[in-house]
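See structure below.
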Amino acid sequence: MFYKLNLQYLLSYLGILPYFFLLFDKYLLFQIETEVGTNFIIYYTLIIIVFIGSTNWNIEKNIRNSLVIYGFLPSVCAFIIIILNLHSYNISKLFLLLIIILMAQLFLDHLLIFKNSKNKKPFYFLRIPLTLLIIISLVLL
């Protein structure tokens, strides 16, 4: 019997490949300039953070205002980090800020969305592993 492939899971896990590619380049290939790789990782991580925030919105139904604001906050954080990066803010501090945002987002997702959910599978098999892989990549980069 064939296992039915969940396309959402597959695409989510494929999204981690740019981190692995940049780690591979940083430690073995040495082809990508440090500044280019750093900026790419910052902006790519911001895309992920904003995407995760937007997945909490369901336009077709009325949701709590707190979830609307919670879904919007990653965009505000991304805007701030983009401005800081464009003004050459300390890269180590930006990476630390990205890690803090990812950890806070994971914690708040559990608290606000998955805590009372009957289906915790996406949290345990998607959100936690991918967030931890991104954080480890950010630390190594």
Task: Contacts of Ser137 that satisfy side-chain contact (heavy atoms from CB on, under 4.5 Å) - sequence neighbours left out - done: Tyr19, Phe20, Leu23
Open item on the list: Within this structure, what is the CD1-OG distance for the pair Ile80 and Ser75, rounded to the nearest 0.5 Å?
Closed with: 11.0 Å
- [ ] Please report the shortest heavy-atom distance between Pro74 and Gly71, naming the atom on each side.
- [x] CD-O, 3.4 Å
Open item on the list: Determine whether a donor-acceptor pair (N or O, by modelled atom type, separation under 3.5 Å) exists between the side chain of Asp25 and the backbone of Phe21.
Closed with: no
- [ ] Is it possible for you to say whether Leu141 and Phe30 belong to one hydrophobic cluster, with membership spreading through side-chain heavy-atom contacts below 4.5 Å?
- [x] no
- [ ] Working to the nearest 0.5 Å, report the span between CD1 of Ile52 and CG of Leu130.
- [x] 8.0 Å
Open item on the list: Is any side-chain heavy atom of Leu84 closer than 4.5 Å to one of Lys93?
Closed with: no
Task: Contact check, side chains of Thr38 and Ile41, non-hydrogen atoms, under 4.5 Å - done: no
Open item on the list: Tell me whether Tyr13 contacts the main-chain N or O of Gln8 through its side chain, where contact means a donor paired with an acceptor under 3.5 Å.
Closed with: no
Task: Leu132 side, atom CG; Leu102 side, atom CG - distance, nearest 0.5 Å - done: 10.0 Å
Task: Distance (rounded to the nearest 0.5 Å) between Ile48 CD1 and Tyr43 OH - done: 15.5 Å
- [ ] Nearest 0.5 Å please: distance from the NZ atom of Lys120 over to the CG atom of Leu126.
- [x] 15.5 Å
Task: side-chain contact (heavy atoms from CB on, under 4.5 Å), paired with Phe95, selected from Ile100, Asn90, Ile135, Ile42 - done: Ile42
TODO: Can you spot which of Leu94, Ile134, Leu138 makes a side-chain contact (heavy atoms from CB on, under 4.5 Å) with Ile99?
DONE: Leu138
Task: With sequence neighbours excluded, residues passing side-chain contact (heavy atoms from CB on, under 4.5 Å) with Leu73 - done: Ile69
Open item on the list: I need the Leu111 CG to Leu106 CG distance, nearest 0.5 Å.
Closed with: 11.5 Å
TODO: Please name the pair of heavy atoms, one in Ile101 and one in Cys77, separated by the smallest distance, quoted to 0.1 Å.
DONE: CD1-CB, 3.7 Å
TODO: Return yes if some donor-acceptor pair links the side-chain N/O of Gln105 with the main-chain N/O of Ile49 below 3.5 Å, else return no.
DONE: yes
Task: Heavy-atom side-chain contact between Leu10 and Leu7 under 4.5 Å - done: yes
- [ ] Look at the side-chain heavy atoms of Ile, Leu, Val, Met, Phe, Trp and Tyr, link any pair under 4.5 Å apart, and say whether Ile91 and Val36 land in one connected group.
- [x] yes
TODO: Taking all non-hydrogen atoms of both residues into account, name the closest pair between Lys26 and Leu140 and its distance.
DONE: NZ-O, 3.5 Å
Task: Heavy-atom side-chain proximity of Pro129 to Tyr124 below 4.5 angstrom - done: no
TODO: Group every Ile, Leu, Val, Met, Phe, Trp and Tyr by side-chain heavy-atom contacts under 4.5 Å, then state whether Leu22 and Leu96 land in the same group.
DONE: no
TODO: Give a yes or no on whether Ile16 and Val139 share a hydrophobic cluster (residues Ile, Leu, Val, Met, Phe, Trp, Tyr; joining criterion: side-chain heavy atoms under 4.5 Å apart).
DONE: yes
- [ ] Answer whether the closest heavy-atom distance between the side chains of Pro122 and Tyr9 falls below 4.5 Å.
- [x] yes
Open item on the list: Please identify which of these residues, Leu86, Leu98, Val76, Thr45, meets the side-chain contact (heavy atoms from CB on, under 4.5 Å) condition with Ile81.
Closed with: Leu98
- [ ] Determine whether Leu46 and Phe79 make a side-chain contact, defined as any pair of heavy atoms from C-beta on separated by less than 4.5 Å.
- [x] no
- [ ] Tell me whether Phe114 is reachable from Leu108 by hopping between hydrophobic residues (I, L, V, M, F, W, Y) whose side-chain heavy atoms are closer than 4.5 Å.
- [x] yes
